[in-house]
Amino acid sequence: MLLPISWLKEFIELDQDVYKISEKLVEHSCEVEDIIDQKKHYQNIFIGKIDKIESHPDADKLVVCQVSVLDKKLQIVTGATNIFEGAVIPVATEGAVLPDGLVIKSSKLRGLESQGMLCSEKELALSEEAKGIMILDEKAPLSMNIADYLNINEQLLDISITPNRGDLLSVRGLAKEISAIYSNSVKDISANFNHIIKKEVNLNVLNYVNDLCNRYMGVVIKGIKIGQSPEWMQKKLKSVDITPINNIVDITNFVLYECGQPLHAFSFDKLNDAKIIIRRAKENEKLKVLNNQELILNIDDLVISDSAQPIALAGIIGGFDSAIHENTVDIVLESASFNPVSVRRSSFAKGIRTESSQRFEKGVDFYNVEFAFKRAINLIMEICGGYLASEIQDVYAAKPQVVQIEMNHQRVNDLLGTNISAKEINNILTRLSFVVEGNIVTVPSFRSAEVTREADLIEEIGRIYGYNNIQDVLPVVEYFEQPSSLSFFDISKKIRDFCVSKGLSEIISYSMVSPLEDQSLFDKKMLELQNPLTSSESVLRTNLFISLLKNYDYNNRNLVNYLNTFEVGKVFHSNNDKIAEELRAGILISSSITKTTSVKASNEFDFYKLKGISDELLEYLNIKQTKTSNNDLYSFFHPTKSAKISVGKDTLSVFGEVHPAILEKYDIKKTLFFLEIFPEKIVKYQSNKKKYKKFSLYPLIKRELSFWIDKNIPYENITKIINDTKSAYLKDIFLVDIYDGNKYGEEKINYVIQLVFQDNASTLDENTVTQEFNKIIEKINNKLEIIFA
Amino acid sequence: MHDQIEILKKDFNNNIQECSEIDSLEKIRVDLLGKKGKLTAMLKDMKNLSIEDKKMYGPLLNEVKDKINSTIEAKQLELKKKFLDEKLMKEKLDITLPSERYKAGSIHPITRVIYEAEQIFAKLGFSVAEGPEVENDFYNFEALNFPIDHPSRDMHDTFYLKTKDKYLLRTHTSNVQIHVMEKFPPPIRVIMPGKVFRSDSDVSHSPVFHQIEGLYVDKKVSFANLKATLQFFIKNFFHKDNKIRLRPSFFPFTEPSVEVDVECVICGGKGCNVCKQTGWLEVLGAGMVDPNVLKNVNISPEEYSGFAFGMGVERLAMLKYGIDNIKLYYENHAYFLEQF
């Protein structure tokens, strides 16, 4: 909302400039987005007259002018060719700063002093093109500031109004607010009304929908003369970016801006009869509106109609056919209050937002409907002539209830944490047009939609008192039980710590991804956005692989191919129309994790190193007793070089080499490794109690075991058998060598396993160890087909 | 005999002095003390001597033997040290060659800000809560006092999902307020960090961004408490005594509502490009919990009051680290990540 200061000052006497007013508004009322000071760029630019033009002795293309301005003679050198002796022109004098930032100061041009600059329209930002120096009317008053002469001297505030303050969407409304801040009085305009009514027309207003229109005023005005509106009105409208059209339309717009009440004028000759019906539109009813659009209406739309057809989409936009035209003589003037929700829905559905709809959406004041109506009639009579040709129709079901709130001064101070006196509280409310009687506060009608409770009054008191005047009081910290169960914050932190210690960089990605990239990779049902910004961000990711891969791709295309990254974030899918949202952590590795910045070659990363990260991470998170099985979750993994780790039915970790076909698709030359862990599952199995276990310092005794076995038997089966013997002295099992020779055929593989024995209480003797060792060998031999090497 | 000993001692001393290698030292030892060594022979000859000579030369020879042994040992240590020193000196490196680094990873600046905020608020007794990112209308809007078809919803450009029940991507972290208050009776003191979504994208807006929500509900919580808490946070977060400024604003779920500016951390309030010459930077929105919100979660507004606030994490990170483009956060360029 643009507020011209000169317009504001017609309502209040205020010896404050635009900057001070802005500060006060920001502190007590609403946000100022911009301060527009049109004159700012025209300081020190005045109207001057060229007395004499001589050629420059040292430059063919320059001339030397003697210019009269501000009772002085200035010598100005210019290259302009359209000037002549006697020309009246804008002169930028010493100290002027042109709109493009050029600072004017005396200087020498080819040896001759030049004490200013003659300006073109372009240099004054008045037009795009420069057609030489701007030549002014010869009667233009010499030495006048150019901005004053051209009437570009307005100061405006661009104010952002919150949805709860519809009452501020007018100059008059803002004037009331500002006067309350300054404790000033408003010089209000009058809507005194004393016109003779000739009952030529029987205007009949029928409101079929009291719930959607709680007041409708209409009158027929005859004998008006369409023309341009007066200059003062045009100037005001232009200053707030409204294009003047004709006097009737301009008056409705002017009153809307001045009083905040939207009005509409119909051309009476275009109506079928003198009936105004407020009703819901019929299904598929058509209405061509002012912006030339043909609307197809439905039952949710509210229309103004004559007895035959709609003539306006109520509160949003007028009909094309019933618009004021140059030959209009008789009009119907409307001022009404329409239901905010209805206007908002229609306006959204039709994609039409107007100054009018925006005000109705926020609600208009019942009493202002009448005030603005009368104000507009007065202006029409004054400017366009004419007379009232019907009685004023004023249709409403009931006057709105007066809002009264019980207020307790102590509660006000308790909530604000202040000690404001009752007198001051009452004074603040009175300034804001509230009426205070004892502990009952009556809300002015123009605030009654949103000030309905004590809390609302407290806000009014707080903001006018000044939030910055309230003394800080730190709350006392006392211990109480906290809702930590609603959070995966701690485990996320641990995962991040682990990843950072492994040299991984955290990334954060959009949760929205492309369905194309997604579909080729995942089988879960994706959640689709109804209104995505772009098609490449139209579904929610079902896991973190796509985010990390896309990031690798981005960096790879920017010639950074060494990055190892991780992300901790939510993934989503739908499950029988239920939303499944889950926290995951993903790791993408492109280079050896121990990669250094050295020139020396580093160790190649591989599946087992990846598995090591998974094992270490799970152990770090206090997970024990896991099971390793084939990956059956994601198809973006290498079919054999991938696995998952689980406990019971829950997958805790899944990892593997990225499928070469995907790398090829993204033109990635390196082998990538991906790992995803499932924190929400992990917390179910975390043994959070760390407990010290005594350890033994007695000697370790090692025995090695070498045998051939079928390749297809998972190594894990062997260790399981060994562990299942529950040997009291077995401390550790190490796989020390694998030999994949052909000694017993292609299907056999040779393992060398080292078993480590130790006792907690004494030094083990060889016999005991041999017994234990033999027991284990026997178990393996019984359960598996092996050939001892 | 005496002369023999003197000659032997003299020879030994000469040899030892000249000896510069472990091998020749060993040879000296063997020559004297080996099985066929000169001194060994002399000791063996002792048995052929008279008792008197034995008494005279026995201790003398033994003394010479001990002396030779200890001298050889000392020489051995000396030589070993010498050789080690020489060897080590030959292993000289150019210590200015590039290092072989084990890269430390990095935490995203957004996470950093969240962690830091968590630590600061923990000092005031705030714990952490989190909530869903896919949300329904009730938690994101209705329970927070955004009526259906109310212009207050215009402030939130919302992504909706194509689901049978109307789900959306939360537009703020305020939804967690409702989840927390539904589950836990007051007193409540939590911060609620997380990802939020708005269908809005331009140079200064990202459709995905982060907020840290705060909520404190107890008996007699006041606006003065809110102000002090925010001032405490700003002071600890920027490590400066930057003033804050509160401006009236509107959020459906707080009443009164304020927007909070901090004195520009770049220019100190003098006016610069970052603060658009105003000297102030908008960092968060706050207010006293609206009585309707408390009612919606069955907390009596007569008995309890509370404050809530929400801050933009990207904004805080921008001011803290001087990040000048919101796109950088989500591009995750290596050169960006490696700086944190």
Side-chain angles (χ1 to χ4, degrees), chain A residues 26 28-29 162-164 341 344-345 361-362 414-417 453 455-456 458-459 462-463 467-468 470-475 477 480 482-484 486-489 496 499-500 502-508 510 527-531 533 551 555 560 563 570 572 577 579 581 594 596-598 600, chain B residues 98 100-108 110-111 124-125 127-130 132-134 149 151-152 159-164 167 179-180 183-184 187 190 199 201 207-208 216 220 222-225 227-229 231-232 245-250 255-256 258 288 291 305 330 332-334 337-338:
Chain A
V26 166
H28 297 287
S29 180
T162 52
N164 61 328
V341 172
R344 188 177 152 81
R345 279 192 189 160
E361 267 183 28
K362 291 179 174 134
D414 280 351
L415 197 81
L416 291 175
R453 308 160 306 169
D456 303 323
I458 294 172
E459 176 167 69
R463 70 185 177 88
Y467 294 128
N468 299 307
I470 296 174
Q471 290 296 313
D472 291 5
V473 183
L474 259 183
V477 181
F480 45 74
Q482 300 280 343
S484 57
L486 275 180
S487 157
F488 292 102
F489 196 75
R496 288 192 180 98
C499 291
V500 169
K502 295 285 168 282
L504 310 174
S505 289
E506 185 186 21
I507 69 163
I508 296 180
Y510 285 4
L527 284 166
E528 256 181 279
L529 294 189
Q530 210 175 76
N531 53 335
L533 288 178
N551 180 247
N555 277 295
V560 181
L563 208 57
K570 297 276 187 80
F572 311 84
D577 281 325
I579 305 289
E581 175 176 337
T594 56
T596 68
T597 52
S598 150
K600 295 180 186 168
Chain B
E100 195 167 339
R101 289 198 206 192
Y102 290 83
K103 274 171 71 76
S106 58
I107 293 281
H108 197 283
I110 285 173
T111 310
L124 296 178
S127 63
V128 180
E130 288 168 325
E133 290 170 16
V134 170
D149 287 309
S152 53
F159 283 116
Y160 289 95
L161 296 181
K162 280 188 190 167
T163 42
K164 214 161 69 189
Y167 281 100
H179 288 288
V180 169
K183 290 206 178 72
F184 301 91
V190 284
S199 56
S201 181
V208 175
Y216 180 22
K220 300 241 172 183
S222 73
F223 191 90
N225 293 155
K227 262 190 86 182
T229 303
Q231 184 71 70
F232 179 87
R245 172 179 86 165
L246 279 61
R247 294 180 282 108
S249 188
F250 169 74
E255 187 84 13
V258 288
M288 302 306 292
S305 60
Y330 297 96
N332 296 298
H333 194 288
L337 300 177
E338 282 168 350

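Here is how names work: the chains are called A, B, and so on, in the same order as the sequence lines, proteins then strands, and each is numbered from 1. FYI, side chains are in, hydrogens and waters are out, and symmetry mates aren't considered; it's all heavy atoms of this structure.
Here the side chain of Asp414(A) pairs no donor or acceptor atom with the backbone of Ser222(B) at under 3.5 angstrom.
Residues satisfying the salt bridge (charged side-chain N to carboxylate O under 4.0 Å, His left out) test with Glu133(B), not counting sequence neighbours, are none. For Ser505(A), the side chain to side chain donor-acceptor pair (under 3.5 Å) partners at least two apart in sequence or on another chain are Ser106(B).
When the candidates Leu533(A), Thr162(A), Ile458(A) are compared by the number of heavy-atom contacts under 4.5 Å with chain B, Leu533(A) comes out ahead. By number of non-hydrogen pairs under 4.5 angstrom with chain A, the leading residue of Thr163(B), Ile107(B), Ile110(B), Val258(B) is Ile107(B). Each of Asn468(A), Asn555(A), Asn164(A), Ile508(A) has some count of heavy-atom pairs under 4.5 Å with chain B, and the biggest count is that of Ile508(A). Between chain B and the options Ala455(A), Gly462(A), Gly417(A), Pro163(A), heavy-atom pairs under 4.5 Å are most frequent for Pro163(A). In terms of heavy-atom pairs under 4.5 Å with chain A, the best-connected choice from Leu124(B), Thr111(B), Leu337(B) is Thr111(B). Taking Met288(B), Glu255(B), Lys220(B) one by one and counting their heavy-atom pairs under 4.5 Å with chain A, the maximum is reached by Glu255(B). Most heavy-atom pairs under 4.5 Å with chain A, from the set Pro256(B), Ser199(B), Pro291(B): that is Pro256(B).
Within the 4.5 Å cutoff, the side chain of Phe159(B) has heavy atoms near those of the Asn531(A) side chain. Contact annotation: the side chain of Leu161(B) never approaches that of Gln530(A) to less than 4.5 Å [non-hydrogen atoms, C-beta and beyond].
Proximity to chain A is limited to the side chain of Tyr167(B), based on heavy atoms less than 4.5 angstrom apart. Using a 4.5 Å cut-off between heavy atoms, Glu581(A) touches chain B through its side chain atoms alone. Heavy-atom distances place the side chain of Phe232(B), and not its backbone, under 4.5 Å from chain A.
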